[in-house]
> 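First the structure, then my questions, so here it is.
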2 protein chains.
Amino acid sequence: MDDELSRAFAALADPIRRDIVARLTADDMTVTELASHHDVSLQAVSKHLRVLETAGLISRRRDGQQRWAHLEVDVFDLLTGWIDTYRRRAELRYQRLDDVLRRNP
Amino acid sequence: MDDELSRAFAALADPIRRDIVARLTADDMTVTELASHHDVSLQAVSKHLRVLETAGLISRRRDGQQRWAHLEVDVFDLLTGWIDTYRRRAELRYQRLDDVLRRNP
DNA sequence: CTTGTATTCAACCTCTCGGTTGAGTACGAA
DNA sequence: TTCGTACTCAACCGAGAGGTTGAATACAAG
């Protein structure tokens, strides 16, 4: 697990991280604010944010004492791109199968 | 990590499993055939297939000594559904921001 | 019945993940 | 400068992931 695709999928495999991503669609948020919604320590949330940042799903900016997390939606395209590619191939396969059956009933 | 969404994301976080999924878009395949393309033991591939099955990404059928793996594309919808929901929310947020800026230039 | 082939089960190992606590850093306010 | 707040770093822990090897199971073919 070292490429960006693997990191992105792995990042979203955790429910807390998915919840963080969901909240960041509404607004940029600080670590403390994000941590207030979860029953884990602030340090744990800080770790989750680092994972999301490494996966390219968020960027971070410092403003005084606070560190604001900002959602980066581009990685979403990477994921849907991969999924759609193979979904399309699978559908194409069934299409061909249907053709064969139609030709040889 | 216990819900179906988490299992699906986690399953696709591994490069070998993504490659297996990719190959299964072309045709159903046996364990031995899938293992022949990877530099890990047959048992390791067998484990990967179990993970994919638990995640709902494949189904399996026995035919004689062979166990055929078959791709189930429905879980793809679960993933793209989640992603698109939040991508849309994020875009909506920028839309509103643009409106505000346009109104208060 | 025996042998070979396809696959899984079981035990084990190592590394990573997600969590904790405690200390350190960076900044704002008084 | 001192104090409180926001956050990260570091060390540790338990559980699980992903790999291995060796034995067991299931079936086909002689």
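Every chain is numbered from 1, with letters handed out A, B, ... down the list of sequences.
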> Would you mind reading off the distance between B:Lys47 atom NZ and C:dT7 atom P, rounded to a whole angstrom?
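About 17 Å, once rounded to whole Å.
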> Rounded off to whole Å, could you give me the CG-to-C1' distance for the B:Leu49 and D:dG18 pair?
14 Å
> Measure the distance from CZ on A:Arg7 to C1' on C:dT16 and round it to the nearest whole Å.
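The answer, rounded to whole Å, is 15 Å.
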> Touch check for A:Leu42, heavy atoms < 4.0 angstrom, all strands: base, sugar-phosphate only, or nothing?
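It contacts base atoms.
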> Report the distance from atom CZ of B:Arg62 to atom C1' of D:dT25, rounded to the nearest whole Å.
9 Å
> Could you give the CD-to-C1' distance, from B:Gln66 to C:dT8, as a whole number of Å?
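About 15 Å, once rounded to whole Å.
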> Check whether any side-chain N or O of A:Arg67 sits under 4.0 Å from OP1 or OP2 of D:dT8, and answer yes or no.
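So the side chain of A:Arg67 is within the cut-off, an N or O lying under 4.0 Å from OP1 or OP2 of D:dT8.
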> Counting N and O atoms only, with roles assigned by atom type, does the side chain of B:Asp14 sit under 3.5 Å from a partner on the main chain of B:Arg17, one being a donor and the other an acceptor?
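Present.
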> Measure CG/B:Leu52 against P/D:dA17 and give the value in whole Å, please.
13 Å
> B:Thr30 or A:Asp14: which one's nearest nucleotide on DNA chain C is closer to the 5' end?
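The residue mapped nearer the 5' terminus is B:Thr30.
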> Checking side-chain polar atoms at under 3.5 Å, does A:Gln66 have a donor or acceptor matched by the opposite partner on A:Thr30?
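Absent: no donor and acceptor within the cut-off.
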> Choosing from C:dT8, D:dG19, C:dG18, which nucleotide comes nearest the side chain of A:His48?
C:dG18
> Is any side-chain N or O of A:Ser41 closer than 4.0 Å to OP1 or OP2 of C:dT20?
yes
> Short question: side chain of A:Arg62, backbone of A:Gly64 - any donor-acceptor pair under 3.5 Å?
yes
> In whole angstrom, what separates B:Gln43's CD from D:dA24's P?
14 Å
> Could you give the CZ-to-C1' distance, from B:Arg60 to C:dT8, as a whole number of Å?
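B:Arg60 atom CZ is separated from C:dT8 atom C1' by 9 Å.
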> Kindly compute the distance separating CG (A:Leu92) from OH (A:Tyr94), expressed to the nearest 0.5 Å.
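If I round to the nearest 0.5 Å, the distance is 12.0 Å.
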> Can you tell me if A:Arg23 uses its side chain to pair, donor with acceptor, with the backbone of A:Thr25 under 3.5 Å?
no
> Please compare A:Ser46 and B:Gln65 by the position of their nearest nucleotide in DNA chain D and report the one closer to 5'.
A:Ser46
